[in-house]
Amino acid sequence: MITLIKGGRVFAPNDLGTLDILLVGGKIRDMQTSIDLSASDYISVIDGRDSYIIPGLVDSLVHITGGGGEGGFATRTREIDAKDISLAGVTSLVGALGTDSVTRSQEDLLAKTKELRLAGISAYAHTGSYRYPVKTLFDTVQKDLILIEEFIGVGEVAIADHRGSQISASELARLASEARVGGMLSGKGGIVSLHCGDGEDGLEVLHRCIAESNIPITQFLPTHINRNRRLFEEGLAFAHGGGYIDFTTSTTEYSLSHGEVSCPEALAEVLETQCPIDRVTMSSDANASLPDFNDQGELISMSVGQISSLFDATRRAVLDYHVPLDLAVQTVTANPARALGLHDKGRLKVGGDADVVMIDRDSLSITDVFQMGRHAVINQVYQEV
Ligand code: ZN
């Protein structure tokens, strides 16, 4: 199918003004002030005049096979499905395991990644989990990255968390070098996704790892940086130093009333403090359990992360905190794509993948989604493959 979207205001994510966009065979074939093609059996022409056109969202952390279990078996969370991903405007995502790498496996993660690909989503995954030594499919992280196409990094490895393996700086450096070399040899990012808990030590082990090794700072993507004010400020300093930081959009009332910095507020503060926004990403942490622990480390409540929170946070940043649309969108498109090494993702450009989202200019809600050129959401209705 060939699709021509006419007259939309294009945020690529930078504001390119009003353009027509031509999608052919899963790629963006052309972007011009005016492209003239008539609708036919083979060409779909879509009126984009009431829309902003943005890249498909890139979600760098989704627990696609479900997560949780921290409160016992009854608290295990469900798998995600392609419909929810698509309605959320997400066209690319990275699946990962979390706390549980015993009843959740790499095999299952890989199978689920393949299922989502068959549903039209550009799905990838990380090998490993919270744990160190890392649980892999082959015997090393390098082999997993080189030999398994879907794996693009390792993680989320937990630091500063009572559920983590208390990894040392030198262990982290060795793990990062495994991922980096595996990534280099397979043409992937090979990044280390770091789950940052609420431990007093914050990013300390990451700072030491970078100081004591030759691993570039951009090899790491620490997430949940907005979970409390202390970690948030440490994260801003890390971004000033050239590192990427990731905010989690799924949240709970309890967390927000106990010191979490909401994503819209966090983005506004990034701009206020002139933190380099090209180093800032957001992810949904969808289908993770969101356990709330009290000061004694006791579990007091549990809810489930939502993938729709990714665009909701983007939208709220624009509507409630006056973050410019192009900058808010950048944190869920171009920035995560760059951090993950996904070069054809996260940008609207000729030759790039035809992952496109149309949003209503007035309400800023998602109306249409194209995944590799497939019109997966039409006027807020999901279309089965
Ligand atoms: Zn996490």
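Indexing begins at 1, ligand by ligand and atom by atom, following the structure's order.
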**Prompt:** Is L340 isolated, or which residues cluster with it under the ILVMFWY side-chain rule of less than 4.5 Å, directly or via members?
**Reply:**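 Members alongside L340: V58, V94, Y124, I152, I191, L221, Y244, L342.
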**Of all N/O/S atoms in H195, the name of the one nearest the Zn ion (ligand 1)** =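 Within H195, restricted to N, O or S, the Zn ion (ligand 1) is closest to atom ND1.
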**Request:** Output the atom name for the N/O/S atom of E156 with the smallest distance to the Zn ion (ligand 1).
**Result:**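 Atom name returned: OE1.
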**Prompt:** More than 12 non-hydrogen atoms from neighbouring residues, nucleotides or ligands closer than 6.0 Å to CZ on R208, yes or no?
**Reply:**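 Enclosed.
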**Request:** Return the set of residues passing salt bridge (charged side-chain N to carboxylate O under 4.0 Å, His left out) with D344 (not counting sequence neighbours), or none when no residue passes.
**Result:**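 Here the qualifying residues are K27.
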**Test applied, side chain to side chain donor-acceptor pair (under 3.5 Å); reference residue, S283; option that passes from D59, T331, T249, D246** =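 Result: among D59, T331, T249, D246, D246 is the only option passing the side chain to side chain donor-acceptor pair (under 3.5 Å) with S283.
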**Prompt:** Looking at the Zn ion (ligand 1), is one of the N, O or S atoms of C196 less than 2.8 Å from it?
**Reply:**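 Looking at C196, which is the residue asked about, there is no N, O or S atom under 2.8 Å from the Zn ion (ligand 1).
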